[in-house]
Amino acid sequence: NPRTPAMPLPTPIAGVTFTIQSGTPAQTVTFAAGSVSVAHAEGNAGTTAFTFTVERTGGTTGDVSFSGQLNSAVSNAADFNGAAAVPFAFSGTIPAGQASATVTILINGDATVEPDENFTVTLQTVSNNDGTVPTSLGTQVAATGTIQNDDAVPGNVIEGITILDQAPSLQGDVVTP
């Protein structure tokens, strides 16, 4: 009786890839896409809240503590409620079981005419109180806030040109050039 070559038997798991994980998945902390750029009018009095969302991916195990710094080349401490100087530090915690937390920066309103002012909040450190969860900063660690000027220049606008009330050459003139 002639022998036929053995044919491999089909296997029910052919083409299936298995991933075996050991330990708890790593978590990554970044600013949420929707809060990478926040802009508000400053207001003439009181404070305006600029809220930035810090989120983690990779699970919600453990409390994640984060810290960072607010910097600005144009804003100063008077623009920020409770700030003694710029730059200044901020911190927060994403509680266990939650995916995000917010950082709120309070901006002081004023009636001073000034250009829009930008500031940057940058995450610098992150840690998880559950030592079995590797936690690190992601790629989106900076967010920008724009304090929009909402104060008007005193004067008259004539055909798109602002004539300031303080212009000494026009004080007392009845006819506008």
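The structure presented is a predicted model; accordingly, all values stated were derived computationally and were not measured.
- Using a 4.5 Å cut-off on side-chain heavy atoms (C-beta onward), Q69 and T122 make no contact.
- The minimum heavy-atom distance linking S35 with V38 is given by the pair O-CG2, 3.9 Å.
- For the residue pair N118/T146, the side-chain donor-acceptor check at 3.5 Å is satisfied.
- The ring pair (Phe, Tyr, Trp, His ring centres under 6.0 Å) analysis of residues 29-49, with sequence neighbours excluded, yields the pairs H40-F50.
- Among pairs with a residue in residues 122-148, none fulfils ring pair (Phe, Tyr, Trp, His ring centres under 6.0 Å), at least two apart in sequence or across chains.
- For the pair D110 (side chain) and N44 (backbone), a donor-acceptor distance under 3.5 Å is absent.
- Heavy-atom minimum distance, N81 versus T47: ND2-CG2, 3.4 Å.
- In the hydrophobic clustering of this structure, V54 groups with V126; members are Ile, Leu, Val, Met, Phe, Trp, Tyr whose side-chain heavy atoms approach within less than 4.5 Å, directly or through other members.
- Between the side chain of N71 and the backbone N or O of T120 there is no donor-acceptor pair closer than 3.5 Å.
- A 4.5 Å side-chain heavy-atom check between S75 and I147 finds at least one atom pair inside the cut-off.
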Query raised in the report: Can you list the steps and then say if F119 with I107 is a side-chain contact (heavy atoms from CB on, under 4.5 Å)?
Result: CA-CA 11 Å; F119 63 90; I107 304 300; 4.0 Å; yes
Requested in this report: Decide yes or no on side-chain contact (heavy atoms from CB on, under 4.5 Å) for D116 and Q148, but give the supporting numbers first.
Outcome: CA-CA 5 Å; D116 291 351; Q148 297 170 329; 4.0 Å; yes
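- Among residues at least two apart or in separate chains, ring pair (Phe, Tyr, Trp, His ring centres under 6.0 Å) pairs with a member in residues 81-100 are F80-F88.
- Remark: the S127 side chain and the S65 side chain contain no N/O donor-acceptor pair separated by less than 3.5 Å.
- For the pair T30 and E55, the minimum side-chain heavy-atom distance is below 4.5 Å.
- Distance check: L137 CG to T125 OG1 gives 7.5 Å after rounding to the nearest 0.5 Å.
- Nearest heavy atoms, P134 versus P25: CD-O, 4.3 Å.
- Minimum heavy-atom separation, I105 to L70: CG2-CD1, 3.9 Å.
- A side-chain donor-acceptor contact under 3.5 Å links T48 to the backbone of E42.
- The only option from V133, N129, D130, N128 that meets the side chain to side chain contact (heavy atoms under 4.5 Å, CB included) definition with V64 turns out to be N128.
- In this structure, Q140 contributes its side chain and A142 its backbone to a donor-acceptor pair below 3.5 Å.
- Residues T93 and A101 share a closest heavy-atom pair of O-CB, 3.4 Å.
- Q27 places a side-chain N or O within donor-acceptor distance of the main-chain N or O of T61, the cut-off being under 3.5 Å.
- At a threshold of 4.5 Å between non-hydrogen side-chain atoms, the residues V103 and F66 count as touching.
- Among all heavy-atom pairs drawn from A96 and D63, the shortest one is N-OD1, 2.8 Å.
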